[in-house]
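Excluded from the calculations below are hydrogen atoms, water molecules and symmetry mates; all remaining heavy atoms, backbone and side chain alike, are included. The structure presented is a predicted model; accordingly, all values stated were derived computationally and were not measured. Throughout, protein chains are lettered first and strands after them, A, B, ... in sequence-line order, and every chain is numbered starting at 1.
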Amino acid sequence: MPSFKEKVLEVVKKIPKGKVLSYKEVAKKAGNEKAFRAVGSILNKNLDPNIPCHRVIRSDGKVGGYNRGIKLKLQLLKQEGVKVKK
DNA sequence: CGTATGACGTGCA
DNA sequence: GTGCACGCCATAC
């Protein structure tokens, strides 16, 4: 019985290249759309090289943040062809 | 077990 | 259109 945290990590891990999901979408896929708040906290505390957490952005279209450096996240997204607002 | 924290989201001024 | 404040859930201590 994977915890919500594990579920979120798994969902993010399954995000295809060049695709980005909002925290809300990830939370929904994890089983609780209202837990988008926890999703961010979890990803921030659990940094994993196997998890493309840089593909998770805010619903506003903003990148939000990145534990490895927001700059790197922007660069990675741009590299995959994903444009970010603001 | 209870408190504090956080990569968010939405609403209102 | 921008900025501020509140509410939300899960995790960590």
| By side chain to side chain donor-acceptor pair (under 3.5 Å) - contacts of A:R55 (at least two apart) | A:E80
| message | Each nucleotide in nucleotides 8-13 of chain B should get exactly one letter: B, S or -. Can you fill that in based on protein heavy atoms under 4.0 Å? | response | BSS---
Give the table of side-chain donor-acceptor pairs shorter than 3.5 Å for residues 2-15 of chain A, with sequence neighbours excluded, one pair per line with atom names and distance.
unit_1 : atom_1 : unit_2 : atom_2 : d
A:K5   : NZ     : A:N46  : OD1    : 3.1
A:E10  : OE2    : A:K14  : NZ     : 2.9

| message | So A:N44, base contact, sugar-phosphate only, or nothing? Heavy-atom distance under 4.0 Å. | response | base
For nucleotides 11-13 of chain C, tabulate all protein N/O to nucleotide N/O atom pairs closer than 3.5 Å, reporting atom names and distance.
unit_1 : atom_1 : unit_2 : atom_2 : d
C:dT11 : OP1    : A:K5   : N      : 3.4

| Which distance, rounded to the nearest 0.5 Å, do you find between the NZ of A:K28 and the CD of A:E33? | 5.0 Å
| task | May I ask you to list the residues sharing a hydrophobic cluster with A:Y66, side-chain cutoff 4.5 Å, ordered by chain and number? | result | A:L72, A:L76
| task | Under 4.5 Å between side-chain heavy atoms, chaining through other members, with only Ile, Leu, Val, Met, Phe, Trp and Tyr counted: pull out the rest of the cluster around A:I70, sorted by chain and number. | result | A:V20, A:I57, A:V63, A:L74, A:L77, A:V82, A:V84
| task | Return the minimal non-hydrogen interatomic distance between A:A35 and A:A27, and the atom names on each side. | result | C-CB, 3.9 Å
| query | In Å, rounded to the nearest 0.5 Å, how long is the span from NZ of A:K29 to CD of A:E25? | reply | 6.0 Å
| Thinking salt bridges, do A:D60 and A:R58 make one under a 4.0 Å N-O criterion? | yes
| task | Could you tell me the separation between the NZ atom of A:K85 and the P atom of C:dG1, rounded to a whole number of Å? | result | 11 Å
